[in-house]
Amino acid sequence: MNTRHWATLSLATLMTFSDGAFANCPGPGVHLPAGNLSRTLISLGRQCKISVLVRASTADNYKLPEQTIATENGEFEPILRQLLQRSPFTYERVGPGAVAVIEKADEPESEPFDHRAAQTEEITVTGRGLTGSHLRHPQLDSYAPIDVLAQPELEITGAQTVAELLKFLPAVSGNSTSTSVSNGGDGTATVTLRGLPASNTLVLINGRRIVSNGFGGEAADLNTIPLSAIDRIEILKDGASAVYGSDAIAGVVNIILRRDFEGLSVNSYYGTAEPGDQRTESYHLTWGKSGERGHLMLSLAHYRQGALMSRDRGLSASADNRARGGTDLRSAASPGAFIALDADTTVTNDGDGGYRPWTQEDRYNYSEYTTAVVPSERQSAYLEGNIDLGDSALLFVEAMGIRTRAETTLAPTPVFTRFDNGDLTIAADQIYNPFGQEITDVRKRVLELGPREQDNRTDTWRLNAGLKGQREDWQWELAAALHYTRASESLSNLIDPNRLSAGLKGPDRCNARDDCVAVDLLGPSGGVDSEQLEFMRGESLVDGSTRMLSLLYVADGVLGSNSAGDVLGAAGIEFRRESIDFRSNDARGLSFIGGIAAGSAEGQRMIGEAFAELSVPMLTDAFWLDGAVRFSNYSDFGSTINPKVALRWRPTPSLMVRASYATGFKAPTLVDMNQTGYQSQEFLIDPCTGNGADTLPGCHGRADGARIQYLTEFGGNPELQPETSDNRSLGLVWTPKQLSDFSASLDLFDIRQNDVIDTSPQYLIDRNAHTGLFTDRVLRDARGDITRIRATRLNIGAREVRGLDLALRYEHTSEQLGQLRWSLNASHMQRYLNQAAPGSPTEDLAGTFIDPASGGAGSLPRWKANTGLYWQKGRWEGGYTIHYVNALEESFTRNETRITREIDSWTSHDFQVAYALPFGLRFAVGIDNLLDEAPPFAATAFNDNYDGRTYDLSGRYWYTTLSYNL
């Protein structure tokens, strides 16, 4: 769904924003639950949409009764003054949208509260550490760059999915999956930071690991996380293997779910693209109730996204891109059939019962059938509760269930008798063969089968429970988790290669007594009757499950003190058991024609980890040394130790310098190590199809240039070793006293990876053609055409990604204008060095696009940025956002000439306005892509002539939301 939002821009600081003195508290009063001060302030801040900061170690010990405080013209500060009037606390304004609740001067303070850091680093009631550390720094500084999207921001955006919310973040690029990827998609959604694979970005919920998708995939499926249950999202753009373990090389996306919600919230959403398609609706209900000793919350959600067909947008309506400066990507498998009688004679049906010479204009435009945005729906339930056990101990439970479904439509199945699985030679005496000769090369689009329908279903269950508590200066948590995901995929209207093979033979081998039906691939479109269709029709089925059991204990607190302040420490242990089991059917060892054979994988591993963190102040309020180390033992490949060290230096009160170095590792997935039997038709380019094929050592003459897909076999490798990395960062955070409402940050990053696990068939083809290597992996026939590629996973690659992040923010509040906020967030990729294998050349992919269907890294723009303006006054609020993606380069061959062309830069504009109605109602109207800017054309894009992972095809998109909060 098209949900590009101004909220993705407010990343220069880590705080939620609201109108402060003009905060819109509900009338006639604010109802506050019984409990400790932290819980009460959470409820107050959410109702009045203002950020409240407090030290949990002191506020949790102060209890308040249930109460209702009358509002005065909706202003926030009179309510806060009345709440705190008999308490040992007071408050200070630390920005136009935030207040800090602190102990009164005549009360002993356990630790000083750094108000200035709070202004630039906190987002909600504090006391919880930010993503990237188990420590709870009283200064609220982070030694790494973190972007935060908080719940009040999510509300103004109209966002309905986590994946589309993250899609336009500047740090996100490369090969994430989403429902904007049809051919090759599976209904899941992932996130990729820094252009590295999704397996290098760790997704957490409430700081804890979650299970990967049901087929044991490389990353968590974002579609199994309902946006309605989310309080905030924290994106750590720095390596964190020492803190969280494997998968955190590129960074961490930590999704914090709602807790301590009080009251009732009902939300509805409806949106549609301007042409009337891609209609999307969602409904959310959240209820929460606090008592003297505990809290209970329930959140229910339903989401449905409609389809966008490729044929309904000018850019994607045709695969023939010659008029745009590209190539003709229409398929040689046409309804009238491509029939090669010999090396020089190729014919097709003329529509009148005869045959004529086949030409390039007979290619088939498969875009007529395909879904550009996949229709999907999901239902979710989230239950959260806790009970105060006394003696500073709390029992908590979190349970979540999600059901998702996606339905993809693809063009009818194509048959390539020379290159598909099985013996598909048409016998000379086959009853439908009028040529009287054996025919080996027929390319036929079997429209009579109907479009291929892919149905993906996933059920995910998560249960987390445990105890947490506090003793003096130490906090501890013991948590157990059980996560289970089951996924299934069916792809219908395929062809069984064994049955088709039998149906193409003569009467001596295909007759009624052998239950064989002769199949007509040489006749005109419509000539395949129902009996033939049912004889050869096949369906691919995949069913899999993934499980994770874990036990975690972590404690953090004050180890001691020196002359500069308190020394903070944290330590913990974690045990996990991960397992996968998925299987698929096939045609007796062969993939179905028009689909894939997903094969099977079964495996499990035990993981034991111990970790520790330390933060040592070296100069009072000026210099800190932070460190972390993690020991990990995997039952299937061994042990590893990964450290991290960071420095934070504040040379002046307004300037902070931060730097870090860490080593990381990425464990091979259970699929990487155990998968067998995977086959698919990959979109690849064979150098042997060019004019210079005779000069290349691996070519046997010039291969067939009409092909764009090649049968490829993938496989796991139990001998794989983990990928390793070195992560470096250096940053500046500037919060000038002279301009108290302005902040800026600049962070440089450098990630170096070795032993990268890769299966690139395109690399194998290139090396085979240019050097003659890999003849056992790239199989060619006597004419030089590729018949099969065997791509087993290997530790062969290396990468280096270097760049910078820039964030700026400014706020202004006045009685006349209300609150205005401007922000800019940008990421620059200086270089993306990629070496496919030892000894191969190193390429700089920064600023390029290579489609993932060709084994590439996707879009890696040198610059990606957002900027926007947000306004709020009284009951009104609005936002205006601009998203920008820098121009890219792509290379391909056209008319025997190697072409490098520019993919244009892209800019889109989003707008929303909202009004808070009486009685807790709120109404909003928004427009995404206000100027109806189409995505830029990409000549090498496999899906719809553009990169659906980076841009949006929907065009101008209208939506409205209505919510009720009690």
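If you're wondering where the values come from, they're calculated on a predicted model, not measured in any experiment. Sequential numbering from 1 along the given sequence is applied to the chain's residues.
Using modelled atom types and a 3.5 Å distance limit, the side chains of Asp947 and Ser859 yield a donor-acceptor pair. Donor-acceptor pairing under 3.5 Å is lacking for the side chains of Asn717 and Thr792. Looking only at atom types and distance, the side chain of Asp342 has a donor-acceptor partner in the side chain of Thr345 under 3.5 Å away. If you check the side chains of Asp952 and Ser954, you find a donor sitting under 3.5 Å from an acceptor. Defined by atom type and a distance below 3.5 Å, a donor-acceptor pair is present between the side-chain atoms of Thr900 and Ser891.
In terms of modelled atom types and a separation under 3.5 Å, the side chain of Asn175 and the main chain of Gly858 share a donor-acceptor contact. Here the side chain of Lys444 pairs no donor or acceptor atom with the backbone of Ile339 at under 3.5 angstrom. Checking side-chain atoms of Arg311 against main-chain N and O of Tyr369 turns up no donor-acceptor pair under 3.5 Å. A donor-acceptor pair under 3.5 Å is absent between the side-chain atoms of Arg443 and the main chain of Ser331, judged by distance alone. Looking only at distances, a side-chain donor or acceptor of Asn945 sits under 3.5 Å from a matching main-chain atom of Leu315. In this structure, the side chain of Asp672 does not engage the main chain of Gly716 through any donor-acceptor pair within 3.5 Å. With hydrogens and angles ignored, the 3.5 Å screen pairs a side-chain donor or acceptor of Arg702 with a backbone N or O of Thr689. A donor-acceptor contact shorter than 3.5 Å links the side chain of Thr417 to the backbone of Val442. Asp352 places no side-chain N or O within 3.5 Å of a backbone atom of Gly354 that could act as its donor or acceptor partner.
For the pair Asn493 and Arg537, the minimum side-chain heavy-atom distance is below 4.5 Å. Taking the side chain as every heavy atom from C-beta outward, Pro687 and Asp766 approach each other to under 4.5 Å. Side-chain atoms of Phe338 and Asp362, non-hydrogen and from C-beta on, never get closer than 4.5 Å to each other. Counting heavy atoms from C-beta on, the side chains of Thr940 and Phe892 come closer than 4.5 Å. With contacts defined as side-chain heavy-atom distances shorter than 4.5 Å, the pair Asp320/Arg363 does not qualify.
Checked for salt-bridge contact, Glu407 and Arg405 meet the test: a charged N lies under 4.0 Å from a carboxylate O. One finds a salt bridge joining Arg780 and Asp686 here, because a Lys/Arg side-chain nitrogen approaches an Asp/Glu carboxylate oxygen to under 4.0 Å. A salt bridge links Glu361 with Arg330: the closest approach of a Lys/Arg side-chain nitrogen to an acidic carboxylate oxygen falls below 4.0 angstrom. Ion pairing of Asp459 with Arg457 is absent here, as no side-chain N (NZ or NE/NH1/NH2) approaches a carboxylate O to less than 4.0 Å.
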Begin with the C-alpha distance, continue with both residues' side-chain angles, and end with the deciding distance and a verdict on side-chain hydrogen bond (donor to acceptor under 3.5 Å, both in side chains) for Asp328 and Gln360. CA-CA 9 Å; Asp328 189 356; Gln360 293 292 327; over 6 Å; no
Trace of the side-chain contact (heavy atoms from CB on, under 4.5 Å) decision for Leu329 with Tyr366: CA-CA 9 Å; Leu329 295 179; Tyr366 47 80; 4.1 Å; yes
Report the C-alpha separation of Gln679 and Ser591 in whole Å, then their side-chain angles, then the decisive distance to 0.1 Å, and conclude whether the side-chain hydrogen bond (donor to acceptor under 3.5 Å, both in side chains) test is met. CA-CA 6 Å; Gln679 294 181 343; Ser591 61; 3.1 Å; yes
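Considering all non-hydrogen atoms of both residues, Gly527 and Asp520 come closest at O-OD2, 4.1 Å.
Below 30°, between 30° and 60°, or above 60°: for Phe714 and Tyr678 the angle between ring planes is above 60°, a perpendicular geometry.
Judged by a 6.0 Å distance limit and a 45° cone about the ring axis, Arg324 is positioned over the six-membered ring of Phe937.
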